[in-house]
Structure formats: C-alpha cells, structure tokens
Amino acid sequence: MLSRWVPRTIVIVAAVVVGYLLFSTVNATLNSYRLAGDEEKARRDIAELEARYEKLVAIREYLSSDEYIEGMARRMLGLVKPGETLVKVTSPQGETGPIDGTPTPEPGDRAWWEELFGP
C-alpha cells in the first residue's frame with residue numbers, strides 16, 4: 001500500500017517543482033523584457049537631455065559673448081560706439097503697427113520692465 005503512494009507523491013512533488021520553475025522562468029523573462037524597455041527609454045531620455053544641455057550651453061555662451069552684450073546695449077539702452085550717431089525712427093502719432101493693426105505703444109505707455117526686456 002505504501003509503495004502505491006510513493007510514485008504518486010514523487011510525481012506530484014515533481015509537477016509542483018516543475019510548475020514553480022516554469023513560473024519563475026516566465027516571470028524572470030517578463031521582468032527582463034520590461035527592464036530592457038525601461039533601459040531603452042532611459043537611453044532616449046539621456047540622449048534628449050544631452051542635446052538639450054548642449055543647446056543650453058550654446059545659448060549661455062552666446063549670452064555671455066561680446067556680440068550679444070553689444071547688441072543689447074545698442075537695442076535696449078540706446079548706446080552707441082564713439083564716432084557713431086544714434087538714429088531713432090518713429091512713426092507718426094496714432095499710426096497703427098505694421099503686423100496686426102494694433103496701435104504702436106508710446107515709450108511711456110509700457111511698464112519699465114517691458115521697456116527694458118520687451119521687443
């Protein structure tokens with residue numbers, strides 16, 4: 001009687017072990033696949049951030065260049081080099097702007113920060 005139960009018990013234990021190993025293998029494979037996708041996404045994000053960083057470095061270098069500083073001094077502050085003459089072109093009073101038909105604002109109509117940093 002005992003000899004009949006031993007083979008069945010061995011088959012049942014073997015089936016449980018094989019089922020567990022199969023489940024573990026499938027689970028590890030799915031995790032590996034998910035991690036590979038996460039790695040690829042991380043690599044794309046890194047490449048995008050590196051490109052953005054390079055662009056920001058170029059902008060920072062341009063903003064600290066003498067060319068940019070001179071342009072801002074001329075445009076915003078109205079400064080000129082020695083020997084140059086400053087010429088300001090203005091439109092007649094009440095004439096509309098060339099792009100969208102809105103009136104051109106007078107210099108005193110805008111806030112000081114718009115005068116300094118605006119177009």
Side-chain angles (χ1 to χ4, degrees):
M1 179 113 163
L2 184 62
S3 63
R4 273 183 23 202
W5 292 101
V6 172
R8 287 184 182 175
T9 307
I10 291 174
V11 169
I12 291 172
V13 168
V16 169
V17 168
V18 168
Y20 173 75
L21 291 175
L22 185 62
F23 175 76
S24 296
T25 302
V26 169
N27 191 26
T29 303
L30 289 175
N31 279 339
S32 176
Y33 182 74
R34 182 181 51 81
L35 288 175
D38 290 348
E39 179 184 11
E40 182 60 32
K41 182 182 181 303
R43 289 185 189 276
R44 283 193 310 265
D45 290 346
I46 289 171
E48 180 182 321
L49 289 173
E50 285 175 346
R52 188 173 171 194
Y53 173 77
E54 293 298 324
K55 184 177 178 181
L56 290 173
V57 166
I59 290 172
R60 182 186 66 193
E61 289 175 0
Y62 173 69
L63 291 178
S64 63
S65 71
D66 291 339
E67 176 186 346
Y68 174 76
I69 294 170
E70 179 182 342
M72 291 306 290
R74 288 175 177 273
R75 189 169 10 136
M76 295 302 205
L77 303 176
L79 300 178
V80 294
K81 287 184 177 181
E84 293 180 340
T85 304
L86 177 65
V87 176
K88 286 190 176 185
V89 178
T90 59
S91 63
Q93 194 71 347
E95 192 172 304
T96 59
I99 296 175
D100 59 359
T102 59
T104 306
E106 294 297 317
D109 292 345
R110 297 178 359 183
W112 68 269
W113 60 86
E114 290 174 338
E115 289 290 329
L116 187 60
F117 298 112

Practice task
Taking side-chain hydrogen bond (donor to acceptor under 3.5 Å, both in side chains) as the test, write out the residues that go with D66, two or more places apart.
Solution key: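 Per chain and number, D66 pairs via side-chain hydrogen bond (donor to acceptor under 3.5 Å, both in side chains) with no residue.
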Practice task
For E84, enumerate each residue passing the side-chain hydrogen bond (donor to acceptor under 3.5 Å, both in side chains) test, keeping only those at least two apart in sequence or located in another chain.
Solution key: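 For E84 the side-chain hydrogen bond (donor to acceptor under 3.5 Å, both in side chains) partners, ignoring immediate neighbours, are R74.
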Handout entry: Residues that V13 engages under side-chain contact (heavy atoms from CB on, under 4.5 Å), provided they are two or more places apart
Key =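 Residues passing side-chain contact (heavy atoms from CB on, under 4.5 Å) with V13: T9, V17.
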Residues forming a salt bridge (charged side-chain N to carboxylate O under 4.0 Å, His left out) with [X], sequence neighbours excluded:
X	answer
R34	D38
E61	none
K55	none
E39	R43

Exercise for the section: Could you list all the salt bridge (charged side-chain N to carboxylate O under 4.0 Å, His left out) pairs where at least one residue sits in residues 6-15, not counting sequence neighbours? Expected result: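 Listed once each, the pairs would be none.
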Exercise for the section: Sequence neighbours left out, what pairs pass salt bridge (charged side-chain N to carboxylate O under 4.0 Å, His left out) with at least one residue falling in residues 20-29? Expected result: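 The answer is none; no pair qualifies.
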Practice task
Please go through I46's hydrophobic cluster and name the other residues, only I, L, V, M, F, W, Y counting, with side-chain heavy atoms under 4.5 Å joining them.
Solution key: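 None; I46 is a cluster of one.
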Exercise for the section: Supply the atom-to-atom distance L30 CG to T25 OG1, rounded to the nearest 0.5 angstrom. Expected result: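 Between atom CG of L30 and atom OG1 of T25 there are 11.0 Å.
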Problem - Atom pair CG (D45) and CD (E40), whose distance is rounded to the nearest 0.5 Å - result: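 So the CG of D45 and the CD of E40 are separated by 10.0 Å.
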Practice task
Taking all heavy atoms of T85 and all of V80, pick out the closest pair and write down the distance.
Solution key: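 Here T85 and V80 meet closest at C-CG1, 4.5 Å.
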Exercise for the section: Give the cluster check for W5 versus V11: same hydrophobic cluster or not, with ILVMFWY residues linked at side-chain heavy-atom distances below 4.5 Å. Expected result: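 Not linked; separate clusters.
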Handout entry: Test ring-ring contact (aromatic ring centres under 6.0 Å, His included) applied to F23 - qualifying residues, sequence neighbours left out
Key =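 For F23 there are no ring-ring contact (aromatic ring centres under 6.0 Å, His included) partners, ignoring immediate neighbours.
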Problem - ring-ring contact (aromatic ring centres under 6.0 Å, His included) partners of residues 27-70, not counting sequence neighbours, each pair once - result: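 ring-ring contact (aromatic ring centres under 6.0 Å, His included) check on residues 27-70 returns Y62-Y68.
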